[in-house]
Structures are given as C-alpha cells and as structure tokens.
2 protein chains.
Amino acid sequence: MQTQTKKHDSNCLVAYGIDTFGDRWSFLVLRDMMLYGKCRYGDFLASEEQIATNILAARLKHLESEGIISKARDPENRRSYIYSLTEKGLDLAPVLLEIIRWSSRYMKMTARRRRLLERIEADRDGILADIRARRAILTAP
Amino acid sequence: MQTQTKKHDSNCLVAYGIDTFGDRWSFLVLRDMMLYGKCRYGDFLASEEQIATNILAARLKHLESEGIISKARDPENRRSYIYSLTEKGLDLAPVLLEIIRWSSRYMKMTARRRRLLERIEADRDGILADIRARRAILTAP
DNA sequence: CTGGATCCCAATAGATACTG
DNA sequence: CAGTATCTATTGGGATCCAG
C-alpha cells in the first residue's frame with residue numbers, strides 16, 4: 001500500500017489537518033514521540049494499542065512524506081533508524097495538549113492523568129519546550 | 001452499520017479522544033457546526049467534502065451516543081431535526097482552533113484563511129464565545 | 001419535501017505470516 | 001530490526017428506497 005494521494009482533497013484548513021495527521025494511527029505515533037520520546041520502529045510497535053507492522057510502516061512513510069517526521073540512521077546502531085519530529089511536527093504539540101485537556105475532562109481520572117493535566121494547566125509552555133527539546137513528558141505508560 | 005464499540009480500547013487520553021471524535025468524518029461534522037453554525041442533516045450533506053448519506057447518519061448517531069451532539073425536533077418545521085453541540089462538544093472548540101492554527105501555518109494562505117487566523121490569534125476568547133452562542137464564525141465556504 | 005435505511009460493490013485498513 | 005506480502009474485514013460511494 002502506498003500513501004493515498006487525494007482523500008478529501010478539500011479546500012478547508014480543518015480537512016487539511018485531518019487528512020495530514022488525523023487518522024487513527026498517525027496521531028498515536030505522534031503521541032509516542034511527543035509524550036514518551038519514542039523514536040524507533042520497535043518502540044512504536046510496543047505501544048499498548050498494538051499497531052500492526054504494515055500500518056506502522058505506512059504511517060511512518062506518510063508522516064515523513066508530509067514533512068512531519070524525518071528518518072535518519074542511528075549512529076550507534078548501523079541497522080536501526082531514528083525517527084524525529086520536524087518543526088512541522090513539533091508544531092502539532094498544541095493540538096495534542098488540547099486533546100489531552102478535553103479527554104481529561106471526560107475520561108475517568110487516574111492519579112497519573114491528574115498529574116499530567118495539572119502540569120498542562122500550570123506549565124504549558126514548559127511542556128511545549130520539553131517536547132521541542134525531545135524530553136519525554138511521561139515515562140512509560 | 002452500528003457504532004463500533006471497542007476500537008483501541010486504550011487506556012490513554014489521546015486514544016480516547018481519537019476514538020471519540022477523531023475519525024475522518026466526525027470532525028468535519030463538528031467543524032460544520034462550530035464554524036458554520038450548521039445544524040441540519042441536509043446542511044451537512046451539502047458540505048464540500050460530499051459525505052455519503054449512510055456515513056453521515058452513522059456519524060451523527062455515533063456523536064450523539066458519545067454525548068457530543070444532541071438531536072431535537074425543529075420547532076419551526078415539524079419534519080426536520082436540529083442537531084446541536086452539547087457542553088462536551090463545545091469543549092472541543094480549542095482542539096478545532098489549534099488544528100486551524102497548525103494548518104494555516106502549512107497550507108497555502110488565502111485572504112479568507114488569513115482573516116480567520118488573525119481573528120483566532122487576536123480574539124480567541126471571542127471565537128470560543130461565538131461558538132458557544134451558536135454564532136457562525138464563517139459564512140458559507 | 002427532509003431524514004434517513006439499505007444494498008451493492010469498490011477501495012481501504014488491518015492482522016498475521018514471512019523476509020532481506 | 002525494519003519492514004513486505006497476502007489475505008480478510010471494514011469503510012465508503014452512489015443509487016435507490018422508504019417513512020413521516
């Protein structure tokens with residue numbers, strides 16, 4: 001499967017966003033990168049949602065083709081790759097935070113979630129800075 | 001088709017949001033309501049993205065079952081229905097605005113888009129208030 | 001009329017097995 | 001480890017039908 005080329009082909013800003021990063025799996029990959037600092041194929045596969053290998057490969061390719069992530073060889077392991085957020089990808093952090101804020105209002109709270117929410121409300125800029133600096137916001141789920 | 005019940009079934013705030021409103025069509029319906037003040041089945045069908053009748057019906061049902069929109073008879077036209085955002089749906093407005101901000105950075109700008117973006121930057125609270133008051137932010141696309 | 005339901009078929013997404 | 005290949009399941013488009 002190659003990345004689809006048209007989708008909505010809409011003239012709308014919202015549709016553009018949805019088409020670019022808004023499918024069910026792409027955004028979870030971005031979450032893994034922004035929240036957990038994940039950057040390897042195997043890390044993404046290990047997420048709780050159990051993404052299939054072909055889907056992951058397709059999404060990584062798609063996100064790369066959209067300029068949201070970039071792929072480079074791992075300097076410490078010649079047969080591994082490192083995926084990282086581009087500027088365009090980092091700019092999605094506010095979308096992620098708003099989704100988290102919304103969900104945390106309507107999903108049952110846990111202590112862990114409450115701490116994350118409190119930090120978003122109290123130190124949003126610090127979180128955005130951490131994401132840009134590739135520092136994980138949360139430790140493993 | 002009935003609304004799917006499991007999806008990711010994840011423990012994550014982000015996945016919860018994606019599962020609830022993050023599919024390709026649901027969010028466009030929400031956009032129509034928030035940005036254009038649309039509230040009728042026929043209005044949604046008329047959007048530029050050309051949603052199919054079966055998909056629209058399924059999405060409206062899904063959004064209603066998630067408590068994001070509600071459905072009522074149109075008092076002025078006995079054979080029509082009015083869909084409106086609940087509090088839970090209105091709370092999605094910040095997500096919408098962040099998507100628009102992101103897209104407007106990366107999609108080719110038009111005069112219309114520039115005006116919307118400027119207003120978001122300058123008067124975000126006013127926009128949020130307009131959405132809550134069911135005032136359309138934009139006129140027809 | 002408006003607001004759907006239904007059916008058919010094409011296209012896409014996804015799970016699993018396998019490979020360089 | 002980082003994917004491809006293959007097969008199956010689900011979604012979506014479009015036409016049509018139907019109820020109030």
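Below, chains carry the letters A, B, ... as their sequence lines are ordered, and counting in each starts from 1.
Between Arg78(B) and dC1(C), a side-chain N or O to OP1/OP2 separation shorter than 4.0 Å is absent. Remark: Tyr81(B) is not in phosphate contact with dC1(C), judged by side-chain N or O atoms under 4.0 Å from OP1 or OP2. OP1 or OP2 of dG3(D) has at least one side-chain nitrogen or oxygen of Lys71(A) nearer than 4.0 Å. Within the 4.0 Å cut-off from OP1 or OP2 of dG14(C), at least one side-chain nitrogen or oxygen of Arg59(A) is found.
Ile55(A) places its CD1 atom 16 Å from the P atom of dA17(C), with the value rounded to the nearest Å. Atom P of nucleotide dA2(D) and atom NZ of Lys38(A) are separated by 13 Å, given to the nearest angstrom. Per the geometry, CH2 belonging to Trp25(A) stands 14 Å off P belonging to dT11(D), to the nearest Å. Remark: C1' of dG3(C) and CD1 of Ile51(B) are 14 Å apart, rounded to the nearest angstrom. Taking atom CG of Asp23(B) as the reference point, atom P of dT11(D) lies 10 Å away to the nearest angstrom. Separating the NE2 atom of His62(A) from the C1' atom of dG3(D) is a distance of 18 Å, rounded to the nearest angstrom.
Evaluation of the ring pair (Phe, Tyr, Trp, His ring centres under 6.0 Å) rule for Tyr106(B) yields Trp102(B) as partners, not counting sequence neighbours. The ring pair (Phe, Tyr, Trp, His ring centres under 6.0 Å) search around Phe44(B) returns none, not counting sequence neighbours.
Between Leu28(B) and the options Glu49(B), Met33(B), Glu48(B), a side-chain contact (heavy atoms from CB on, under 4.5 Å) holds for only Glu49(B).
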Restricting both atoms to N or O, compile the protein contacts to nucleotides 5-8 of chain C shorter than 3.5 Å, with distance only.
{"from": "dA5(C)", "atom 1": "OP1", "to": "Lys61(B)", "atom 2": "NZ", "distance (Å)": "3.2"}
{"from": "dA5(C)", "atom 1": "N6", "to": "Thr53(B)", "atom 2": "OG1", "distance (Å)": "3.0"}

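Across the interface with DNA chain C, nearest-nucleotide mapping of Gly42(B) and Ala52(A) shows Gly42(B) to be the residue nearer the 5′ end. Residue Ser80(A) is the one, among Gln50(B) and Ser80(A), whose nearest nucleotide of DNA chain D lies closer to the 5' end (criterion: closest heavy atom).
Ion pairing of Asp91(B) with Arg101(A) is absent here, as no side-chain N (NZ or NE/NH1/NH2) approaches a carboxylate O to less than 4.0 Å. The pair Arg59(A)-Asp23(A) meets the salt-bridge criterion, with a side-chain N (NZ, NE, NH1 or NH2) lying under 4.0 Å from an Asp/Glu carboxylate O.
For the pair Lys38(B) (side chain) and Leu30(B) (backbone), a donor-acceptor distance under 3.5 Å is absent.
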